[in-house]
Structures are given as structure tokens and as C-alpha cells.
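Every number for a ligand or one of its atoms is a count from 1 in the order of the listing.
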Amino acid sequence: MRKILVAGNWKMHGSITMVRELLDGLLAGTAADGKADMAVFPPFPYLSLAQTILSGSHIRFGGQTLNPHSQGAHTGETSGSMLKDMGCRYVLVGHSERRAIYGESDNDVAARFKAALESKLHPVLCVGETLEEREQGKTEAVVNRQLDAVIDLVGMDAFRKAVIAYEPVWAIGTGVTASPQQAQDVHAFIRDKLRQQDDIIAGRLRILYGGSVKGSNAAELFAQSDIDGGLVGGASLTAEDFLAIYNAVT
Ligand code: PEP
């Protein structure tokens with residue numbers, strides 16, 4: 001049985017006050033032996049504060065991206081080993097904002113996935129189609145291509161340590177959520193594809209849904225057989241909203 005993971009991507013939001021209040025609220029509202037795992041993805045400047053507040057607790061944290069190089073002349077960038085050093089367990093790779101705004105190609109994403117594993121981080125690989133691609137019936141082809149880029153570089157065995165997040169681009173930050181059936185269909189497609197490579201790894205892999213998850217729609221999404229949690233943006237920015245999603249896990 002895969003344990004639900006409720007993960008919060010704070011994007012470029014936050015302040016010292018907000019981080020303290022939010023993490024204190026999450027610690028108070030969740031339990032170590034709780035029904036779900038929880039992780040947060042603060043902006044880089046707040047990782048140190050997150051490490052201090054969450055140290056020894058049941059809430060995990062991670063970086064929102066990483067540079068594929070281990071060190072060197074890459075001004076402004078952060079390596080996987082630096083994230084590991086800060087206590088990160090996870091790192092997001094291939095978030096649609098990184099792909100669309102910062103031009104990360106499928107191969108760039110695969111290189112980041114590899115670098116994450118080399119730094120002993122668990123990559124959370126984000127995949128998903130745009131509205132135009134969905135309307136053209138290309139959802140599975142796009143997700144397939146995004147997954148293949150990673151599998152071709154690192155092999156299926158690397159997915160033992162990974163999490164996948166299916167995030168349809170048209171549902172991110174728009175208030176429009178994929179219906180539970182729409183999401184389940186793509187999650188099942190992903191798991192079936194990976195099962196063809198390794199039944200056990202695919203069976204254990206957590207596949208999160210992301211795209212306007214809220215307290216009001218989380219329970220129905222998490223009830224789907226191939227949805228193992230959520231990657232949450234906007235609704236992870238206050239303890240009240242994020243805990244409403246955590247509490248939707250039955
Ligand atoms: C995200 O940023 O990954 C996300 C899913 O955002 P939102 O929940 O706001 O749609």
C-alpha cells in the first residue's frame with residue numbers, strides 16, 4: 001500500500017514570518033505516525049530556516065530545482081549536493097514553470113533527475129500536457145515523451161527513489177482541476193507504461209496529482225487507485241488550506 005504524500009510547492013512566495021507561521025502550523029496540525037507523509041518546497045533562501053524548524057520532525061522538505069552540474073562557474077545556481085547539505089530529502093525536477101519559462105527541455109530535465117540521484121536526493125519528476133496538447137489528443141504522447149527522456153538516461157531502476165507528479169499545465173494555478181477520472185486515466189497510463197519495464201518498482205512508485213488541488217477536491221482525487229497524493233501550489237501557502245488537504249486523506 002502506497003502512503004499518500006501531500007507536497008507543497010511554495011514557488012517564489014514567502015518571507016521569514018510566513019515560513020515560521022506556516023511550518024509551526026503544519027507541525028501542530030500533523031502527526032509523525034499520521035495518515036499521510038508531508039513535504040514542503042520552500043524557495044532556496046528559506047531552506048536554512050526550514051531545516052532549523054523541521055529538524056527531527058516528520059515533515060520533509062526539498063528544493064524546487066537544481067543545477068545538473070555538481071559545482072563550478074554557474075552563478076546563481078544551486079547543486080544537488082548543496083540541497084542535500086541543507087537537509088533536503090526531495091527536489092522537484094521538470095516543473096512546468098521551469099520547462100515553459102526557463103526553457104528546460106526534456107533532456108535538461110533528465111539531466112537534473114540524474115544529478116538529484118547522484119546527490120542522494122529523491123527527484124519529484126513533474127510531467128503533464130498543455131491545454132492545446134490535450135485538445136489535440138496528445139496527452140499520452142507528451143507524458144510518454146517526458147518519461148522516456150528520463151528512462152533513456154537513467155534507466156527504470158532509478159525510479160525506485162523517485163516520485164512522479166502528473167501536473168496538467170492547464171490545471172496549474174488556474175482553479176481548474178482535472179476531474180478525478182481524467183487524472184486517474186493519466187496516472188494509470190503512467191503506471192502501466194512503467195510496469196512494462198518493472199512491475200515491482202511501478203507498483204511501489206508514488207504518482208502525485210498536481211493542479212488546483214484544494215481541501216474540497218482532495219478526497220475524491222486521493223480516492224483514485226493510482227493517485228498517491230498531491231503536489232500543491234497555491235493551497236500550500238497557508239497552514240489552514242494545506243492542512244485541509246492533509247485532512248482529506250482517509
Ligand atoms: C504547482 O505549482 O505545482 C501547482 C500544482 O500549483 P496549484 O496547486 O496552485 O495549481
Side-chain angles (χ1 to χ4, degrees), residues 4-14 18-19 22 26 36-44 46-47 50 60-66 88-102 104 109 112-113 116 121-131 133-134 139 142-143 146-147 150 162-180 182-184 186-187 190 206-222 224 226-249:
I4 293 279
L5 173 61
V6 177
N9 171 18
W10 299 355
K11 312 193 188 200
M12 200 170 70
H13 295 290
M18 177 269 208
V19 173
L22 180 43
L26 295 180
D37 291 330
M38 182 177 271
V40 292
F41 293 83
F44 289 148
Y46 301 117
L47 285 176
R60 312 287 195 177
F61 60 96
Q64 296 177 11
T65 184
L66 78 168
C88 290
R89 178 181 180 85
Y90 297 106
V91 62
L92 302 181
V93 294
H95 190 279
S96 66
E97 288 153 17
R98 301 290 320 169
R99 292 178 191 262
I101 306 172
Y102 299 101
E104 287 181 18
V109 172
R112 284 167 166 77
F113 187 104
L121 294 162
H122 296 257
V124 179
L125 171 65
C126 303
V127 297
E129 81 288 3
T130 62
L131 183 58
E133 288 163 340
R134 174 162 281 262
T139 298
V142 169
V143 170
Q146 292 170 334
L147 290 172
V150 178
V163 175
I164 291 180
Y166 167 58
E167 297 209 303
V169 180
W170 47 272
I172 297 179
T174 58
V176 180
T177 315
S179 70
Q182 281 175 319
Q184 166 59 26
V186 181
H187 282 232
I190 293 170
R206 293 201 274 199
I207 308 177
L208 314 183
Y209 167 78
S212 300
V213 178
K214 311 183 260 281
S216 56
N217 58 27
E220 220 189 332
L221 287 161
F222 297 163
Q224 304 301 311
D226 288 295
I227 299 185
D228 309 309
L231 180 55
V232 184
S236 70
L237 295 175
T238 69
E240 188 187 357
D241 289 344
F242 201 36
L243 288 172
I245 295 170
Y246 175 85
N247 288 325
V249 179

Fill in the blank from the handout: The reported gap from CD1 in I172 to OG1 in T177 (rounded to nearest 0.5 angstrom) is 11.5 Å
Fill in the blank from the handout: Taking every heavy atom of G128 against every heavy atom of V169, the minimum-distance pair comes out as O-CG2, 4.1 Å
Completion exercise
For A36 and V249 the tightest heavy-atom approach is CB-CG2, 4.0 Å
Fill in the blank from the handout: side-chain hydrogen bond (donor to acceptor under 3.5 Å, both in side chains) with D37: of R60, R89, R206, only one passes, and it is R206
Fill in the blank from the handout: The answer, listing residues by chain and number that come under 4.0 Å of ligand 1 through any heavy atom, is N9, K11, H95, E167, A171, I172, G173, G210, G211, S212, L231, V232, G233, G234
Handout entry: Under 3.5 Å side-chain donor-acceptor pair for E129 and Y166
Key = yes
Practice task
Answer yes or no: is there an ion pair linking R98 with E104, defined by an N-O contact shorter than 4.0 Å?
Solution key: yes
